[in-house]
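Note sheet for the following structure.
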Amino acid sequence: MAEYSAFSLLRNALTGNRDWRPAWRKATPKPSYDVVIIGGGGHGLSTAYYLAKEHGISNVAVLEKGWLGSGNIGRNTTMVRSNYLLPKNTHFYEHSMKLWEGLSQDLNYNVMFSQRGVLNLAHTPAQLDDFARRGNAMRHCGVDAELMTRDEIARFVPALDINVGGRFPVAGGLIQRRAGTARHDAVAWGYARGADRRGVDIVENCEVVGFLLEGDRIVGVNTSRGEIRAKKVAVAVAGSTGRVMKLAGIERLPIESHVLQAFVSESIKPFMDTVVTFGAGHLYVTQSDKGGMVFGGDIDGYNTYAQRGNLPIVEDVMSEIVALFPGLARVRLLRSWGGIMDMSMDGSPIITKGPRPGMYLNCGWCYGGFKATPASGWAFAWTIAKDEPHAINAHYTLDRFHRGILIDEKGQGSTPRLH
């Protein structure tokens with residue numbers, strides 16, 4: 001496959017752009033593979049890429065029931081950060097951040113990673129103290145973190161209503177300047193292209209409808225395009241994990257599926273050049289390169305597999321963005337969408353072998369799926385190739401829920417919708 005470069009851009013411009021090759025092949029599934037990955041989203045594609053690149057395993061098929069990137073990888077608000085409190089999460093997401101920083105060069109594909117910073121607003125002195133605690137924990141793990149005063153925030157985000165003496169006064173904030181955003185569909189396309197050029201088969205419109213078993217061991221899958229046998233079968237299907245695992249006879253998992261809505265406004269002139277989160281509710285907002293305000297908030301509080309949400313969350317999120325940025329009150333909403341979130345019981349992911357022999361599971365990402373895409377694929381590929389976890393995902397096991405060794409970042413307990 002041809003490399004993308006300034007030279008290839010010029011050469012194709014001179015020939016009327018008629019000689020560009022497809023970014024990936026439309027592969028026909030083979031009868032068997034070393035590894036079959038169910039799910040053609042960010043985590044499945046990145047796993048395939050790192051299996052081929054890091055471990056030399058290229059006899060791999062990625063099976064996607066729809067079109068590539070039709071799930072959560074194309075249905076998020078594109079934000080990337082590693083500003084976690086608990087060291088186990090901090091080290092994992094910081095590994096992801098470092099992969100993000102070199103991802104465009106690694107993939108030879110521009111994922112438009114913009115390190116514009118993520119600013120968490122504190123609205124009380126007690127909340128600012130809590131942010132200082134988190135910032136100090138991050139710095140102990142080698143992650144950048146900086147406390148900002150109210151005056152510094154006013155200069156950094158002039159459009160923000162500091163609201164001194166009002167309902168949501170800003171007391172200060174915590175910023176991670178290396179954090180930012182990336183183009184979600186470019187991430188999917190880049191990983192797909194990178195995996196394809198290393199020999200991975202990407203099979204679209206190929207739904208898994210069952211598993212092949214020999215005794216208790218998974219030895220392949222039944223699909224809408226026939227049987228495919230495999231030495232190892234990996235599942236990375238986000239909010240559809242419960243449904244897919246049921247096909248393998250796994251009736252209960254420590255996750256729930258909820259819909260998370262996201263929104264984008266009409267394009268406006270440059271308004272802000274960072275990501276801002278609301279500390280008195282749940283809102284995160286940035287401005288896209290096209291000028292639209294991209295934002296989201298809470299998940300809908302009921303279990304669902306639908307990629308659409310309800311109006312109460314719309315009203316809640318709109319009220320919060322107008323509270324922070326009154327100047328946006330008359331800006332029109334352009335569109336909204338929803339992704340199915342796999343919410344775990346402690347708010348942290350699962351990257352592990354099992355629960356059946358020959359099977360590997362990647363799920364439970366809650367709000368952290370997009371930002372974790374590189375590290376998730378890297379660690380999952382290691383786990384599949386080595387049949388044991390890497391140190392950065394050794395604690396993301398299924399049995400932690402039985403053993404009571406939870407990784408509860410927010411301290412919300414076993415209530416998935418609150419994480």
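Below, each value reflects all heavy atoms present in this structure, side chains not excepted, and no hydrogens, waters or symmetry copies. Please read all numbers here as calculations on a predicted model, not as lab measurements.
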**Study point:** Backbone of N205 reached by a side-chain donor or acceptor of E64 within 3.5 Å
**Key:** no
Exercise for review: Using only heavy-atom distances, determine whether the side chains of N76 and K371 contain a donor-acceptor pair under 3.5 Å.
Suggested key: no
**Study point:** Donor on one side chain, acceptor on other, Q115 and E101, under 3.5 Å
**Key:** yes
Exercise for review: Test L328 against I268 for side chain to side chain contact (heavy atoms under 4.5 Å, CB included), laying out the working first.
Suggested key: CA-CA 10 Å; L328 295 177; I268 59 177; 3.8 Å; yes
Check your understanding: Taking the six-membered ring of F156, is NZ or CZ of R177 closer than 6.0 Å to its centre and within 45° of its axis?
Key -> yes
Review point. Is there side-chain contact between N83 and M138, with at least one heavy-atom pair below 4.5 Å?
Key: yes
Point to revise | V233/V221 under side chain to side chain contact (heavy atoms under 4.5 Å, CB included): CA gap, chis, key distance, verdict | key: CA-CA 8 Å; V233 176; V221 291; 4.0 Å; yes
Review point. Are side-chain heavy atoms of R193 and Y4 found at a separation under 4.5 Å?
Key: yes
Check your understanding: Counting only heavy atoms not in K410, do more than 12 fall under 6.0 Å of its NZ?
Key -> yes
Practice item. State whether the side chain of R356 and the backbone N or O of A248 hold a donor-acceptor pair below 3.5 Å, judged by distance alone. Key: yes
Practice item. For Y305 and S240, work out which heavy atoms get closest and say how close. Key: CE2-CA, 4.4 Å
Practice item. Output, in order, the C-alpha distance, side-chain angles, deciding distance and verdict of side chain to side chain donor-acceptor pair (under 3.5 Å) for Y49 and D106. Key: CA-CA 11 Å; Y49 174 75; D106 186 30; 3.1 Å; yes
Review point. So F295 and F263, would you call those rings parallel, tilted or perpendicular, with 30° and 60° as cut-offs?
Key: parallel
Practice item. Might you work through the side chain to side chain donor-acceptor pair (under 3.5 Å) test for T223 and E207, ending with a clear yes or no? Key: CA-CA 5 Å; T223 78; E207 182 177 5; over 6 Å; no
Practice item. Determine the minimum heavy-atom distance between V80 and A179, stating which atoms define it. Key: O-CB, 3.1 Å
Exercise for review: Please work out whether the ring planes of H95 and H390 are parallel, tilted or perpendicular, with thresholds of 30° and 60°.
Suggested key: parallel
Review point. Is the number of heavy atoms from other residues, nucleotides or ligands within 6.0 Å of NZ (K98) greater than 12?
Key: no
Practice item. Would you check if the side chain of S46 reaches a backbone N or O of T373 as a donor-acceptor pair within less than 3.5 Å? Key: yes
Exercise for review: Begin from the C-alpha positions of T277 and N120 and carry the test side chain to side chain donor-acceptor pair (under 3.5 Å) through to its verdict.
Suggested key: CA-CA 5 Å; T277 74; N120 303 136; 2.8 Å; yes
Practice item. Kindly determine whether R198 and E54 satisfy salt bridge (charged side-chain N to carboxylate O under 4.0 Å, His left out), including the steps that lead there. Key: CA-CA 11 Å; R198 285 170 170 79; E54 302 291 339; over 6 Å; no
Exercise for review: State, yes or no, whether a side-chain contact exists between L174 and E146 at a heavy-atom distance under 4.5 Å.
Suggested key: no
Check your understanding: Does a side-chain heavy-atom distance below 4.5 Å link E204 with K65?
Key -> no
**Study point:** Non-hydrogen atoms of Q127 and L121 that approach each other most closely
**Key:** OE1-O, 4.0 Å
Point to revise | Test: D289 and R183 ion pair at under 4.0 Å | key: no
Review point. Are S114 and R116 close enough that a side-chain donor and a side-chain acceptor fall under 3.5 Å?
Key: yes
Exercise for review: Give, for atom OH of Y50 and atom CH2 of W382, the distance between the pair rounded to the nearest 0.5 Å.
Suggested key: 14.5 Å
Practice item. For H55, look at atom NE2 and say whether over 12 heavy atoms of other residues, nucleotides or ligands are found less than 6.0 Å away. Key: yes
Point to revise | Pair Y284-Y367, side-chain donor/acceptor within less than 3.5 Å | key: no
Check your understanding: Does the side chain of N393 reach to within under 4.5 Å of the side chain of T383, using non-hydrogen atoms?
Key -> yes
Exercise for review: Would you confirm whether Q287, through its side chain, and F271, through its main-chain N or O, come within 3.5 Å as a donor-acceptor pair?
Suggested key: yes
Check your understanding: Can D346 and R400 be counted as an ion pair, charged N to O under 4.0 angstrom?
Key -> yes
Study note, to complete from the structure: Those residues at least two apart in sequence (or on a different chain) that pass side chain to side chain contact (heavy atoms under 4.5 Å, CB included) with A171 are none
**Study point:** Pair Y33, D201: side-chain N/O donor-acceptor within cut-off below 3.5 Å
**Key:** yes
**Study point:** Heavy-atom check, side chain of V203 versus side chain of T28, under 4.5 Å
**Key:** no
Review point. Is there a side-chain contact between F211 and I38 (heavy atoms, below 4.5 Å)?
Key: yes
Exercise for review: Return yes if some donor-acceptor pair links the side-chain N/O of D196 with the main-chain N/O of A192 below 3.5 Å, else return no.
Suggested key: no
Review point. Would H258 and N303 satisfy side chain to side chain donor-acceptor pair (under 3.5 Å), going step by step from the backbone distance to the final call?
Key: CA-CA 5 Å; H258 292 258; N303 301 129; 3.1 Å; yes
**Study point:** Close side-chain approach of W20 and L9, heavy atoms under 4.5 Å
**Key:** yes
Check your understanding: Under the ring pair (Phe, Tyr, Trp, His ring centres under 6.0 Å) criterion, do H123 and F278 qualify, and how do the steps go?
Key -> CA-CA 9 Å; H123 300 279; F278 181 40; 5.0 Å; yes
Check your understanding: Could you walk me through whether S414 and F401 pass the side chain to side chain contact (heavy atoms under 4.5 Å, CB included) check?
Key -> CA-CA 10 Å; S414 57; F401 299 99; over 6 Å; no
Exercise for review: Kindly determine whether N310 and Y302 satisfy side chain to side chain contact (heavy atoms under 4.5 Å, CB included), including the steps that lead there.
Suggested key: CA-CA 10 Å; N310 271 346; Y302 52 88; 3.5 Å; yes
Check your understanding: Is it the case that S376 and N362 place a side-chain donor and acceptor less than 3.5 Å from each other?
Key -> yes
Exercise for review: Please report the shortest heavy-atom distance between G40 and V62, naming the atom on each side.
Suggested key: CA-CG1, 3.7 Å
Practice item. Determine yes or no for a side-chain-to-main-chain donor-acceptor pair under 3.5 angstrom, with N12 supplying the side chain and G16 the backbone. Key: no
Practice item. Enter the distance from D129:CG to T124:OG1 here, rounded to the nearest 0.5 Å. Key: 8.0 Å
Review point. Within the distance-only criterion (no hydrogens, no angle test), does the side chain of H43 pair as donor or acceptor with the backbone N or O of G369 below 3.5 angstrom?
Key: yes
Practice item. Would you check if there is a donor-acceptor pair between the side chains of E409 and S348 at a distance under 3.5 Å? Key: no
Study note, to complete from the structure: Heavy-atom closest pair (T352 atom, Y396 atom, distance to 0.1 Å) is CB-O, 3.9 Å
Review point. Is the backbone of V317 close enough, under 3.5 Å, to the side chain of E320 for a donor and an acceptor to pair up by distance?
Key: no
Practice item. Would you mind checking if D144 and R139 are paired as a salt bridge, meaning a charged N to carboxylate O distance below 4.0 Å? Key: no
Practice item. State whether a side-chain donor-acceptor pair under 3.5 Å links R75 with Q307. Key: yes
Review point. Nearest heavy-atom pair of L45 and A195: which atoms, and what distance?
Key: O-CB, 4.4 Å
Check your understanding: Quick one: does S288's side chain have a donor or acceptor within less than 3.5 Å of a partner on K290's backbone?
Key -> yes
Check your understanding: Without hydrogens or angle criteria, can the side chains of D399 and T397 be said to hold a donor-acceptor pair below 3.5 Å?
Key -> yes
Point to revise | Nearest-0.5 Å distance, CG of residue L14 to CG of residue L10 | key: 4.5 Å
